[in-house]
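Remarks on the structure that follows.
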Protein chains: 4
Amino acid sequence: MVGIKHAPRPAAAETELRPRARRKAQRPQQILHAAFEEFVERGYTATRIEDVAARAGVTKGTIYLYFQNKEELFQDVVRKLSQPVFDEKQFLEQHHHRSCEELVRIYLDTLYEHMTVNLYSREILRFLIAEGRNFPVIVSAHFDEFVKPLLTMFDHILQKGVHEGVFEIWAEDHLSQILISPALTYAIDTLLGADTNLPELKVYVNTHYEMVMRTIRKSTI
Amino acid sequence: MVGIKHAPRPAAAETELRPRARRKAQRPQQILHAAFEEFVERGYTATRIEDVAARAGVTKGTIYLYFQNKEELFQDVVRKLSQPVFDEKQFLEQHHHRSCEELVRIYLDTLYEHMTVNLYSREILRFLIAEGRNFPVIVSAHFDEFVKPLLTMFDHILQKGVHEGVFEIWAEDHLSQILISPALTYAIDTLLGADTNLPELKVYVNTHYEMVMRTIRKSTI
Amino acid sequence: MVGIKHAPRPAAAETELRPRARRKAQRPQQILHAAFEEFVERGYTATRIEDVAARAGVTKGTIYLYFQNKEELFQDVVRKLSQPVFDEKQFLEQHHHRSCEELVRIYLDTLYEHMTVNLYSREILRFLIAEGRNFPVIVSAHFDEFVKPLLTMFDHILQKGVHEGVFEIWAEDHLSQILISPALTYAIDTLLGADTNLPELKVYVNTHYEMVMRTIRKSTI
Amino acid sequence: MVGIKHAPRPAAAETELRPRARRKAQRPQQILHAAFEEFVERGYTATRIEDVAARAGVTKGTIYLYFQNKEELFQDVVRKLSQPVFDEKQFLEQHHHRSCEELVRIYLDTLYEHMTVNLYSREILRFLIAEGRNFPVIVSAHFDEFVKPLLTMFDHILQKGVHEGVFEIWAEDHLSQILISPALTYAIDTLLGADTNLPELKVYVNTHYEMVMRTIRKSTI
DNA sequence: GATGAATGAGGATTCATTCAT
DNA sequence: AATGAATGAATCCTCATTCAT
């Protein structure tokens, strides 16, 4: 009987840890996600620690066991919940048999899909714009870690195209940035909740792709 | 002729008022600008009415003589300090002798100059992204009043070009939006204070212009 | 022409004063009445000087020309707008041919009518109860000037009745106060806005009168 | 027997709680009483939450843990600190052997004693008169819960007397209200702090009682 | 480790009062 | 005499943070 008193030991599902320890190990993640959602819904200042706690299923005090303070929590949310759109190496390997034009297309499709599906990216963009002034460090960290790789990768595709004689890089600077811009426009439109004005995605991407190709395709006269 | 050179004496409006009345007439503007600057520096929530007052050279109470409350003040800042980039009619008249390609170039130059010179536009964009969730009305009002005309006008230039046989509109939708996107990217980059990553404007505009032309110029084979 | 420029001199209607002077002379009264009404509607603290001013048709500043401050204004309202229910001398002369029983009846009728018709009395009672703590002087002044005479006068009627052998004063003290009490109850009920519970006045007065008579009428066995 | 002498150990409710929980359990009462006293001394508007807190030995914030806001606090004070004068059933059982005349006397004695001893009743009456305009709900709630039962109970005594042939109800309506009125007068006088004019209670009650009896005692000729 | 009661600094807003015009 | 713009003290309420349990 004594043994039965205790809840049966759960199958060590995800980790080897005891339930208590496991629960503890998950706390920070739970809290980060809860915080993210609250920050998304209300913005930094309007978000109350207590609401984050409630959403995470803990209480105020617990938040402070894992995070110094609200500011720290916010920064951690941005840092830890940002997800790279691509893993460049993997992307190139996965699509190594594709033509450069196809790579551009897949790149764009992936990018837009990421933005559509992945709440995080979009909302973190909002955070950065809204609160960036007060958190300059995470802004540039985010830029380095997530935006720059995006641009670099597009650059690589362009270069590959040049190398293969299908693309033409006629400008010295900023070309990738300019060519990808429409995706940012789309993201901002979404952020502004301009639902009415939101373009139909498929058509939008087609046009975007066409714009890119017309711009860089090497004329083969 | 000499006489005519001077602007016509302003209607008794401002100058002839007694000092007190004149001061009063200026208050709302003073406050709006002070508020704008505080909102820019701190964001909506972090801005204290008392700071706005101090910056405007008045005291707390005075703010409330002219604005219902903080929210109202914020909305008025956005509403009243937004400035249209173009007056389309005037723009077209002024440049009626230009070719369509030149019109596109002037359009872009004007747009970027506006963004560079005009603090307001840029920061109001930040407001809209940061606080838009809480002020949906001004977001859509702003879109209708300032963004939509911008797009429409670009559309008109494109159509003119098509009419004259120099441009080709090969997409049914969103073309203008996509073609102008790089300007938004530039604005956002500025907002993010990515000073390091900020492109040299002249080169950036050139590239943007070239992108547009490559995209829409009718091939004349 | 010069003469016509000025507004025609209004006929010296109520006083010999010039219009301007007359207007000035009326100001304090106007303000007192406006203040009274505001105090009635909102209570002392919730009444704003500006509202009083607006109701009096002047501006804030003007109030302070005639009254030291809000407190002073309140006290003046209570002092100057209280109106005696009876002029005892006149009352007795007017009804000298009546029997004592009739005098009691007329006394009660007058009292209730005063309370019903005369907003002031009722509301000033509320002031006294609500704010009396903070204005002890006017409470006792009011008591001496308005309540005491009321009781005294009833006493006199009783004594007259005793003298004429129709009434019997069987208690040494407080008899008048007790016999008049139902009128106070009625006033309070009105104040509490207990409209639902408010008795039909005529019936109520009848019962009150009957109570009084049964209490003091000399049995004539 | 010794053991039994002690009151049965109170249900774990209060005593067995850990100190923290116990303190929490008492907070609302502490605050209510502190608030009551402040409201009594200053009136609703002039009372500052911070003063209530200080008197309750807590800080501002704590008040808001237990009460939504100042208004709510006020209403709760009125609601929860009002105490019925009688428990009718108990009163009648306790005095079932008394004559109806004695019942009337005891009723009055109890009523006056309640008013004298029980600060709350008196001051809550002041609240209702002073602030009733702004809290109509609690006025009528209070009337239904505390005043009406008082009248009803007096009615019942009268009816009992009629049944036993000693009283005569000669008026259809409002009789109880009128007969009890002097008690209200007494309460108001106390409220007005008319200490000078305050009757000596014993004499006053005697006269009141005599008035009632002369009014309703069935003549036994 | 977790809790949640308590704190108290901080900020929006109101309004009696002043005073230059 | 009258105005009404401006002031700033006063007060409600919120919420990040602490800490005894």
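Just so it is clear: chains get the letters A, B, ... in the order the sequence lines come, proteins before strands, and each one is counted from 1.
When rounded to the nearest whole Å, the span between CD of C:Gln26 and P of F:dA2 equals 12 Å. For C:Asp51 and E:dC15, the CG to P distance is 8 Å, given to the nearest whole Å. Taking atom CD of residue A:Glu38 and atom C1' of nucleotide F:dA16, one finds them 15 Å apart after rounding to whole Å. Whole-Å rounding puts the A:Leu73 CG to F:dT17 P distance at 10 Å. One can place NZ of D:Lys24 at 14 Å from C1' of F:dT21, the figure rounded to the nearest angstrom.
The strand DNA chain E forms stems, runs of 3 or more Watson-Crick or G-U wobble pairs with distances below 3.5 Å, at E:2-21 with F:2-21.
Looking at A:Leu32, A:Ile31, A:Ile138 one by one, the single match for side-chain contact (heavy atoms from CB on, under 4.5 Å) with A:Asp76 turns out to be A:Leu32.
Note on residues 45-65 of chain C: no pairs pass ring-ring contact (aromatic ring centres under 6.0 Å, His included), not counting sequence neighbours.
Near DNA chain F, meaning a heavy atom under 4.0 Å from it, residues 55-70 of chain D has D:Lys60, D:Tyr64, D:Asn69, D:Lys70 in order of number. Remark: D:Thr47, D:Arg48, D:Ile49 in residues 40-50 of chain D come within less than 4.0 Å of DNA chain F through at least one heavy atom.
Shortest non-hydrogen contact noted between C:Pro28 and C:Phe67 is O-CZ, 4.1 Å.
D:Gln30 is linked by a side-chain hydrogen bond (donor to acceptor under 3.5 Å, both in side chains) to D:Arg27, counting only residues two or more places apart in sequence or in another chain. The side-chain hydrogen bond (donor to acceptor under 3.5 Å, both in side chains) search around A:Glu123 returns A:Arg126, not counting sequence neighbours. Under the side chain to side chain contact (heavy atoms under 4.5 Å, CB included) criterion, A:Ser140 pairs with no residue, sequence neighbours left out. Residues satisfying the ring pair (Phe, Tyr, Trp, His ring centres under 6.0 Å) test with B:Tyr120, not counting sequence neighbours, are B:His33, B:Phe36. For C:Phe74, the ring pair (Phe, Tyr, Trp, His ring centres under 6.0 Å) test picks out C:Phe39, C:Tyr44, C:Phe127, C:Phe135, with sequence neighbours left out. Evaluation of the side-chain hydrogen bond (donor to acceptor under 3.5 Å, both in side chains) rule for B:Ser82 yields B:His142 as partners, not counting sequence neighbours. Remark: C:Arg42 pairs with C:Glu38, C:Ala46, C:Thr47, C:Asp51 by the side chain to side chain contact (heavy atoms under 4.5 Å, CB included) rule, at least two apart or across chains. By the side-chain hydrogen bond (donor to acceptor under 3.5 Å, both in side chains) test, A:Glu37 pairs with A:Arg55, sequence neighbours left out.
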